[in-house]
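Encoded as structure tokens, the structure appears first; notes follow it.
Computed from a prediction, not measured in an experiment: that's the story for all the values here.
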Amino acid sequence: VETVGDCYVAAVGLPELVDKHAVVACKFARDCLKKMKEVTLQLEVTLGPDTGDLDLRTGIHSGQVTAGVLRGERSRFQLFGDTMNTAARMEQSGKRNRIQLSQVTADRLKEAGLAQWLMPRGSKVPVKGKGDMQTYWLRQSKTQKFKGSDVKSDMTTLAESVETEASDTMEELELGFGVDTDRAMNKIERLVEWNVEVLASLLQQIIASRGGIVNEIAALCRAEKNIGSHGGTVLDEFTPIIPLK
């Protein structure tokens, strides 16, 4: 529908109604999260390994909205109403790489026979303008079923009350998100590979700037001996290609 800052707003059932809009929205959110991980890893080649650290946070709510086109210099189609506000709160109170659902959306999934997609948060979430709300995490795995015995109370309490990497990892495993340990372990290796690629590209540009003398050992030796003979330094050959300031 629109973008608000770094947020992407999407809606199901507009302008035509969709019976299982909550199911469609959850599938779309899952696909976005999966694609986000793929794209950030691909962008590491050009933007650097830290690009892979970018994460996505998603919130979903169901309800009625008012839609219309705002007039003005930057007219655009926009959604209004309490449903939009609650959806925004679901996103804001969520966590990285998680999909948080409101009670209303969770009820829609239960009605569709998909209660196994849900994992209730251990405690109610304080939501601005709404008070404390019971919310749910959407499981990343479409086939994994939720069993009450699978989630220990002390683990849930720890995950909800203490924001630590250890608790997040345990909760992600319970959600079926599949924590990518290889991705974290190989970050340094990817950083090294990226820097090697950058350096190799710059060296290729330096070689190309020398013309055909790179294939003639004698000519190359003479060129190297002449470096500095005109008051310059060996770095003068590199500065047009590699800024050294």
Which atom of I60 lies closest to which atom of A25, heavy atoms considered: CD1-O, 3.9 Å

4.5 Å side-chain heavy-atom contact, L14 and L79: yes

Pairwise side-chain contact, V65 with M84, heavy-atom cut-off 4.5 Å (strictly under): yes

Residue pair R89 / K128, side-chain heavy-atom distance below 4.5 Å: yes

Heavy atoms from other residues, nucleotides or ligands near NZ of K20 exceed 12 (cutoff 6.0 Å): no

Side-chain touch M90/T135, heavy atoms, less than 4.5 angstrom: yes

Nearest atoms (heavy-atom pairs only) where R121 meets G94: NH1-CA, 4.5 Å

Heavy-atom closest pair, residues W117 and C26: CZ3-CB, 4.1 Å

Cation over ring face, R98 and W137, 6.0 Å, 45°: yes

Salt bridge present between D55 and K95 (N-O < 4.0 angstrom): no

Chi angles and distances behind the side chain to side chain contact (heavy atoms under 4.5 Å, CB included) call for L101, L109: CA-CA 10 Å; L101 312 179; L109 291 182; 3.6 Å; yes

Any side-chain heavy-atom pair of H21 and R108 under 4.5 Å: yes

For M36, the option from L41, L54, N97, D31 that meets side chain to side chain contact (heavy atoms under 4.5 Å, CB included): L54

Smallest separation among heavy atoms of T83 and S62, with atom names: CG2-C, 4.0 Å

Side chain to side chain contact (heavy atoms under 4.5 Å, CB included) between L56 and R96, intermediate numbers included: CA-CA 6 Å; L56 184 66; R96 60 180 181 83; over 6 Å; no

Student check: side-chain heavy atoms of C32 and T58 closer than 4.5 Å: no

Greater than 12 external heavy atoms within 6.0 Å of E38's CD: yes

Between Q100 and R57, a side-chain donor and acceptor under 3.5 Å: no

Considering all heavy atoms, the nearest Y136-P120 contact: CD2-CA, 3.5 Å

Any residue meeting side-chain contact (heavy atoms from CB on, under 4.5 Å) with L43, in chain and number order, not counting sequence neighbours: V39, T46, L47, T51

Test item: H61 and V104 side chains (from C-beta on) under 4.5 Å apart, heavy atoms: yes

D19 CG: over 12 foreign heavy atoms closer than 6.0 Å: no

V12 reachable from L138 in the ILVMFWY side-chain graph, under 4.5 Å edges: no

Gap separating the OG atom of S93 from the CE atom of M133, nearest 0.5 angstrom: 8.0 Å

Smallest separation among heavy atoms of V23 and A112, with atom names: CG2-CB, 3.9 Å

From CA spacing to verdict: side chain to side chain contact (heavy atoms under 4.5 Å, CB included), K130, D82: CA-CA 10 Å; K130 297 290 182 179; D82 183 67; 2.5 Å; yes

